[in-house]
Amino acid sequence: MKKPLTIAYRAVLPFQYSAGRMGSRFFNELRENKRIMAVKCSKCARAYVPPRPVCGYCYAPCEQWVEVGPEGELIGYTVVTFSFLDPLTGRERPVPYGYGYIQLDGAATRLLHFIDETDYSKLRPGLRVRPVFKEKREGNIADIECFRIVS
Amino acid sequence: MLDHVEPVVLSSKLEIPYNYYAGPIAERFYNEIAENRRIMGIRCPKCDRVLMPPRGTCGRCFSDLSEWVEVGPLGTLINYTIVHYREPIQPMEPPFAYGLVRLDGTKEALLHLLGGVDPSEIKLGMRVQPVFREDPVGNILDIKYFSPVSGG
């Protein structure tokens, strides 16, 4: 039997958005100085990373910039072994890869990012991790390639 | 207090590849275009109309359809629009035109690209013909576009 006709289609939807006043400073610092910047609530002093203009607890403005990390603590993690379509590339991200919540030193919030470890026996909550920066940084969150366990 | 910051514009995209089976009716439609450069419709004997693109069931009377007929290749432009702005997803550089083409032998119209014509020269009711791809792949863009029939 002849192979049935298949229609192949690729929907590509490119878009741009403004990082805003706080996001812009955050990404500029990443790109230029490899510094991870947070912003502190003027009332409760929680340090938000990524930065945001208003505290989610107090609704008070966040004004004071502080550097956080670069090291932090692994709070939770998973190893992704199921390959699925990454909408940013339209391709499957090669598996396995580690993924986890990182609380940077000095920050009140957690970042979700890639972990440079896929062996469960080497992963546990509370591990110290540090960011691995890209050589050629472009001013976006991928300027941090991943977090690596501090041995 | 606002410090000056260099504004950052982030570029992102969603890219979603997928495949689907054309099904027996659309498969024949595309194969006829690719192999024989013929545009086929399918006739509903009960409603006495030719569906193009063809489909297996009449949307009006729900009859099963199997009576294939060739339509066109010439047709009449019954409506069009000219696109003046540039978007990454668009198939041509602006200005370009989309047209509704009613091929001879059917009352249905096909939405497709218009080409080989300066957009300012496009007129309602003009006669058009399909321009086929030289290396057909089996989809609707095996017709590259419709262009005016030379000599009117």
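A note on names: the letters A, B, ... follow the listed sequences, proteins ahead of strands, and every chain is numbered from 1.
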Next item on the list: Would you kindly confirm whether Leu113(B) and Leu74(B) end up in one hydrophobic cluster when ILVMFWY residues are joined by side chain heavy atoms under 4.5 Å apart?
Entry: no
Next item on the list: Could you tell me whether Lys46(B) and Asp48(B) make a salt bridge, using a distance below 4.0 angstrom between a side-chain N and a carboxylate O?
Entry: no
Item checked: Distance, nearest 0.5 Å, that separates OG of Ser147(B) from CE of Met126(B) -> 9.0 Å
Notebook entry, point to check: Is Arg46(A) positioned over the aromatic face of Tyr57(A), cation under 6.0 angstrom from the ring centre and no more than 45 degrees off axis?
Noted result: yes
Note to self: Taking the six-membered ring for Trp, are Tyr99(A) and Tyr101(A) closer than 6.0 Å centroid to centroid?
What the structure shows: no
Checklist line | Residue pair Glu32(A) / Asn28(A), side-chain donor-acceptor N/O under 3.5 Å | finding: no
Next item on the list: Looking only at non-hydrogen atoms, find the nearest pair between Val68(A) and Ala38(A) and report the distance.
Entry: CG1-CB, 3.6 Å
Notebook entry, point to check: Will you find, in the side chains of Gln16(A) and Ser11(B), an N or O donor that is under 3.5 Å from an N or O acceptor?
Noted result: yes
Checklist line | Toward chain B: residues of residues 102-125 of chain A with heavy atoms under 4.5 Å | finding: none
Notebook entry, point to check: If you count heavy-atom pairs under 4.5 Å with chain B, which of Tyr9(A), Phe26(A), Phe27(A) comes out on top?
Noted result: Tyr9(A)
Check: Angle class for the Tyr98(B)/Phe96(B) ring planes (parallel below 30°, perpendicular above 60°, tilted otherwise)?
Finding: perpendicular
Check: Is it true that the NZ or CZ of Arg60(B) lies under 6.0 Å from the centre of Phe62(B)'s six-membered ring and within 45 degrees of the ring axis?
Finding: no
Check: What residues of residues 131-147 of chain A sit under 4.5 Å from chain B when you count only heavy atoms?
Finding: Gly139(A), Asn140(A)
Next item on the list: Using a cut-off of under 4.5 Å on heavy-atom pairs, state which of Ala22(B), Ser12(B), Pro24(B), Pro7(B) scores highest against chain A.
Entry: Ser12(B)
